[in-house]
Novice: 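Below are the structure tokens for one structure; questions will follow.
Quantities reported herein were computed from a predicted structural model and do not represent experimental measurements.
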Amino acid sequence: MAARRKTAAKRKARLTVDDVREMALALPATEERPSYGTPGFRVSDTLFARVLDDDSIVIKVDFEYREALLQSQPDVFLVRPHYQDWPMVIVRLTTVDRPLLQSLLKEAWRRCASAKVLKAQEPAPKPPTRKRPV
């Protein structure tokens, strides 16, 4: 009986394409446009993530980080031959957790955003304070 509850809890926690859409579109200046017939997410007209199917997405990452992800969590990440030469990693929505996916999407967004978009996200500098004469 406990095993059934654990399986049900896992299914309930599974992320969906709608969750991905919500997280991606929450990032500034992000647009959703079709990419190879599935939803793609772009910033500064550069694709940073796209849906592959109901169970997986592909996210832009650098090659070194991709290798670390593949080695540390092979149940979550994979690379198919098509993506071998591209800085992309496939993420299984059935096993990835929300905080990790949010972090990956933010980093992919940051890698693809133009300097203008990134600058607009910086906090405004505080005005200098004046010293009062004593």
Side-chain angles (χ1 to χ4, degrees):
M1 181 120 152
R4 257 193 238 159
R5 268 188 257 138
K6 205 176 209 180
T7 303
K10 265 191 174 180
R11 269 186 294 206
K12 195 173 193 178
R14 179 194 183 283
L15 294 173
T16 66
V17 170
D18 287 336
D19 294 321
V20 173
R21 178 178 286 114
E22 178 185 320
M23 287 185 257
L25 293 177
L27 298 168
T30 297
E31 297 178 334
E32 179 178 342
R33 291 200 317 238
S35 178
Y36 299 99
T38 63
F41 303 97
R42 297 173 179 270
V43 62
S44 306
D45 204 32
T46 302
L47 184 74
F48 67 90
R50 86 172 186 89
V51 174
L52 291 178
D53 55 43
D54 287 341
D55 295 325
S56 58
I57 64 170
V58 64
I59 296 180
K60 190 170 266 193
V61 295
D62 67 43
F63 288 107
E64 285 182 23
Y65 190 48
R66 178 176 80 179
E67 196 57 39
L69 291 171
L70 292 169
Q71 288 183 10
S72 67
Q73 296 184 61
D75 60 319
V76 176
F77 303 102
L78 76 135
V79 174
R80 293 189 186 129
H82 173 77
Y83 291 106
Q84 194 61 45
D85 296 329
W86 297 95
M88 308 289 272
V89 68
I90 297 170
V91 182
R92 293 180 178 107
L93 297 178
T94 54
T95 53
V96 71
D97 64 41
R98 182 177 290 272
L100 177 56
L101 184 57
Q102 282 180 314
S103 174
L104 290 166
L105 286 168
K106 283 180 186 176
E107 183 56 33
W109 177 92
R110 202 175 353 267
R111 287 174 49 99
C112 295
S114 67
K116 181 179 177 181
V117 169
L118 290 172
K119 187 163 178 64
Q121 300 314 306
E122 292 176 3
K126 292 182 180 179
T129 57
R130 289 187 174 167
K131 290 185 179 180
R132 292 185 173 178
V134 183

Novice: For atom CD of Gln84, decide whether the heavy atoms of other residues, nucleotides or ligands shown that lie under 6.0 angstrom number more than 12.
Specialist: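 Buried by this count: over 12 neighbours within 6.0 Å.
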Novice: After noting the C-alpha distance and the side-chain angles of Asp19 and Arg14, does the key distance pass the salt bridge (Lys or Arg N to Asp or Glu O under 4.0 Å) rule?
Specialist: CA-CA 10 Å; Asp19 294 321; Arg14 179 194 183 283; over 6 Å; no
Novice: To the closest 0.5 Å, what do you measure between CG (Leu105) and CG (Leu25)?
Specialist: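 Separation between the atoms: 10.0 Å.
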Novice: Do Phe41 and Leu27 have side chains that get closer than 4.5 Å, going by heavy atoms?
Specialist: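 Contact flag for Phe41/Leu27 side chains = no.
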Novice: Using the side chain to side chain contact (heavy atoms under 4.5 Å, CB included) rule, pick out the option among Val51, Leu52, Asp53 that qualifies with Val17.
Specialist: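 Output: one option passes, namely Val51.
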Novice: Between the side chain of Arg92 and the main-chain N/O of Pro74, is any donor-acceptor distance below 3.5 Å?
Specialist: yes
Novice: By salt bridge (Lys or Arg N to Asp or Glu O under 4.0 Å), which residues pair with Glu107, not counting sequence neighbours?
Specialist: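 Glu107 satisfies salt bridge (Lys or Arg N to Asp or Glu O under 4.0 Å) with Arg110 only.
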Novice: Distance from Leu78 atom CG to Leu70 atom CG, nearest 0.5 Å?
Specialist: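 Separation between the atoms: 7.5 Å.
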Novice: Should Thr38 and Ile57 count as side-chain neighbours, where that means a heavy-atom distance under 4.5 Å?
Specialist: no
Novice: According to a hydrophobic-cluster definition based on side-chain heavy atoms being under 4.5 Å apart (Ile, Leu, Val, Met, Phe, Trp, Tyr only), do Trp86 and Val58 belong together?
Specialist: yes
Novice: For Arg111, which residues count as a salt bridge (Lys or Arg N to Asp or Glu O under 4.0 Å) partner, sequence neighbours excluded?
Specialist: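 By the salt bridge (Lys or Arg N to Asp or Glu O under 4.0 Å) rule, Arg111 matches Asp62.
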Novice: Could you tell me the separation between the CD atom of Glu22 and the CZ atom of Arg98, rounded to the nearest 0.5 Å?
Specialist: 6.0 Å
Novice: Any donor and acceptor pair, going by atom type alone, linking the side chain of Thr94 with main-chain N or O of Asp55 inside 3.5 Å?
Specialist: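 Looks like no, no N/O pair under 3.5 Å.
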Novice: Which residue is it: Leu104, Val89, Thr46? I am looking for the one with a side chain to side chain contact (heavy atoms under 4.5 Å, CB included) to Lys60.
Specialist: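 When side chain to side chain contact (heavy atoms under 4.5 Å, CB included) is applied between Lys60 and each of Leu104, Val89, Thr46, only Thr46 qualifies.
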Novice: Taking all heavy atoms of Ser44 and all of Val117, pick out the closest pair and write down the distance.
Specialist: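 Looks like OG-CG2, 3.6 Å.
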Novice: Kindly indicate whether the side chain of Phe77, heavy atoms from C-beta on, has any atom under 4.5 Å from the side chain of Val91.
Specialist: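 With C-beta onward as the side chain, the pair touches.
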Novice: Should Val79 and Tyr65 be counted in the same cluster of Ile, Leu, Val, Met, Phe, Trp and Tyr side chains packed under 4.5 Å apart?
Specialist: yes
Novice: Using a 3.5 Å distance criterion without hydrogens, assess whether the side chain of Trp109 forms a donor-acceptor pair with backbone atoms of Ala29.
Specialist: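 Checked: no pair found.
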Novice: Leu15 versus Val20: any side-chain heavy-atom pair under 4.5 Å?
Specialist: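 No. Closest side-chain heavy atoms not under 4.5 Å.
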Novice: Between Arg33 and Leu47, is there a donor-acceptor pair closer than 3.5 Å when you use the side chain of the first and the backbone of the second?
Specialist: no
Novice: From Arg42 CZ over to Thr30 OG1, what is the distance, rounded to the nearest 0.5 angstrom?
Specialist: 12.0 Å
Novice: Take atom CG in Asp75; do more than 12 heavy atoms of anything else shown fall under 6.0 Å from it?
Specialist: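 It does: Asp75 CG has more than 12 such atoms within range.
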Novice: Looking at every heavy atom in both Phe48 and Cys112, which two are closest together, and how far apart are they?
Specialist: CB-SG, 3.7 Å
